[in-house]
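Some notes on the structure that comes next.
Below, each value reflects all heavy atoms present in this structure, side chains not excepted, and no hydrogens, waters or symmetry copies.
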Amino acid sequence: DQLGDKIGYILDGGSSGVGIESTIVGFPGGIPTIYRLGGLALEAIEAVTGPVRRLPHSSSDPQAPGMLKSHYAPARPVILMTPEERRRIVPGPADGFLVFSAPVPGVEAERQRVLSPAGSPEEAARHLFTFLRELDSAPVSRIYAELVPEEGLGRAINDRLRRAAAE
């Protein structure tokens with residue numbers, strides 16, 4: 001979708017088993033450093049390397065792909081919400097919802113996507129970009145996106161959601 005007519009053809013290998021991009025790790029000065037959170041959870045890396053340093057995203061001179069403040073963004077505005085904020089939102093007729101594990105009552109299916117009915121960050125990661133693209137094409141004027149628990153792949157999912165919502 002993002003490449004449009006910039007290349008002559010695309011070989012479709014099917015859906016990704018992980019869904020989000022790779023984790024990028026470097027070792028500047030011998031210190032394990034996360035440049036970009038991705039499909040390998042922070043806990044899995046630390047189990048091998050010990051504590052790691054995480055670099056914040058940057059607005060210029062990124063040291064790795066996916067480090068810009070705004071990235072992975074749909075055309076529709078994305079508004080982040082915590083699970084607590086989600087319970088207080090009164091859905092409007094043009095609001096779309098990307099939620100973690102439970103649908104928003106009263107919102108028809110074409111305007112919402114549930115990343116993982118089982119509450120699995122791994123399943124949510126597999127669906128993230130597909131569901132963002134689907135909502136971007138749905139009859140909505142904005143997308144409310146619920147942050148997921150900040151553990152395992154949830155950190156990378158939230159990172160992509162924050163970038164999608166950035167100005």
Side-chain angles (χ1 to χ4, degrees), residues 1-4 10 12-24 34-45 54-59 62 65-167:
D1 290 342
Q2 292 172 307
L3 296 175
I10 296 175
D12 185 352
S15 296
S16 165
V18 178
I20 55 177
E21 305 87 349
S22 58
T23 304
I24 299 178
I34 304 290
Y35 289 100
R36 178 179 73 189
L37 290 167
L40 186 59
L42 180 67
E43 293 87 347
I45 296 166
R54 281 178 54 189
L55 291 184
H57 52 264
S58 141
S59 58
M67 291 186 68
L68 296 173
K69 181 178 178 183
S70 176
H71 206 54
Y72 317 109
R76 307 278 192 286
V78 175
I79 302 157
L80 299 180
M81 61 182 175
T82 64
E84 296 76 29
E85 291 167 333
R86 177 196 151 166
R87 289 188 273 280
R88 294 191 298 266
I89 291 174
V90 177
D95 292 337
F97 290 87
L98 180 69
V99 294
F100 178 46
S101 61
V104 178
V107 175
E108 58 270 10
E110 74 174 332
R111 293 191 301 118
Q112 71 173 311
R113 297 292 183 275
V114 179
L115 291 169
S116 174
S120 161
E122 293 76 19
E123 180 183 22
R126 284 192 299 275
H127 293 144
L128 179 64
F129 290 125
T130 298
F131 287 178
L132 271 174
R133 285 193 175 101
E134 288 176 1
L135 284 170
D136 203 27
S137 299
V140 301
S141 60
R142 60 185 170 189
I143 301 168
Y144 283 96
E146 180 180 20
L147 295 168
V148 304
E150 279 281 333
E151 55 192 32
L153 292 186
R155 289 184 191 91
I157 293 167
N158 288 342
D159 172 75
R160 299 317 186 276
L161 289 173
R162 287 182 185 102
R163 293 170 198 269
E167 300 267 335

Report the residues that fulfil side-chain hydrogen bond (donor to acceptor under 3.5 Å, both in side chains) with [X], sequence neighbours left out, ordered by chain and then residue number.
| X | result |
| --- | --- |
| Glu108 | Arg111 |
| Asp136 | none |
| Ser101 | none |
| Thr130 | none |

Just by distance, do the side chain of [X] and the backbone of [Y] share a donor-acceptor pair under 3.5 Å?
| X | Y | result |
| --- | --- | --- |
| Asp95 | Val140 | no |
| Thr23 | Leu37 | no |
| Glu85 | Thr82 | yes |

Can you confirm whether [X] sits close enough to [Y] that some side-chain heavy atom of one is under 4.5 Å from a side-chain heavy atom of the other?
| X | Y | value |
| --- | --- | --- |
| Ile143 | Ile79 | no |
| Pro74 | Arg133 | no |
| Gln112 | Tyr144 | no |
| Arg162 | Leu80 | yes |

**OP:** Assess the side chains of Arg126 and Ser116: does a donor N or O sit below 3.5 Å from an acceptor N or O?
**Re:** no
How close do [X] and [Y] get, heavy atom to heavy atom, and via which atoms?
| X | Y | answer |
| --- | --- | --- |
| Pro91 | Val104 | CG-CG1, 3.9 Å |
| Arg86 | Pro103 | NH2-O, 2.7 Å |
| Leu153 | Ala125 | CD1-CB, 4.1 Å |
| Ala156 | Ile20 | CB-CD1, 3.5 Å |
| Ala145 | Leu161 | CB-CD2, 3.9 Å |

Spacing of [X] atom [atom1] and [Y] atom [atom2] [to the nearest 0.5 Å]:
| X | Y | atom1 | atom2 | result |
| --- | --- | --- | --- | --- |
| Leu132 | Leu98 | CG | CG | 5.0 Å |
| Leu147 | Arg155 | CG | CZ | 14.0 Å |
| Ile157 | Leu115 | CD1 | CG | 6.5 Å |

Taking the basic N atoms (NZ, or NE/NH1/NH2) and the acidic carboxylate oxygens, is any pair closer than 4.0 Å for [X] and [Y]?
| X | Y | answer |
| --- | --- | --- |
| Arg163 | Asp159 | yes |
| Glu21 | Arg36 | no |
| Glu146 | Arg113 | no |

**OP:** Might you work through the side chain to side chain contact (heavy atoms under 4.5 Å, CB included) test for Ile24 and Ile34, ending with a clear yes or no?
**Re:** CA-CA 6 Å; Ile24 299 178; Ile34 304 290; over 6 Å; no
**OP:** List the steps and the verdict of side chain to side chain contact (heavy atoms under 4.5 Å, CB included) for Arg160 and Phe129.
**Re:** CA-CA 9 Å; Arg160 299 317 186 276; Phe129 290 125; 4.0 Å; yes
Subject >> ring pair (Phe, Tyr, Trp, His ring centres under 6.0 Å): pairs with one or both residues in residues 148-167, sequence neighbours excluded >> reply: none
**OP:** Return the set of residues passing ring-ring contact (aromatic ring centres under 6.0 Å, His included) with Phe100 (not counting sequence neighbours), or none when no residue passes.
**Re:** none
Subject >> From CA spacing to verdict: side chain to side chain contact (heavy atoms under 4.5 Å, CB included), Met81, Phe97 >> reply: CA-CA 10 Å; Met81 61 182 175; Phe97 290 87; 3.8 Å; yes
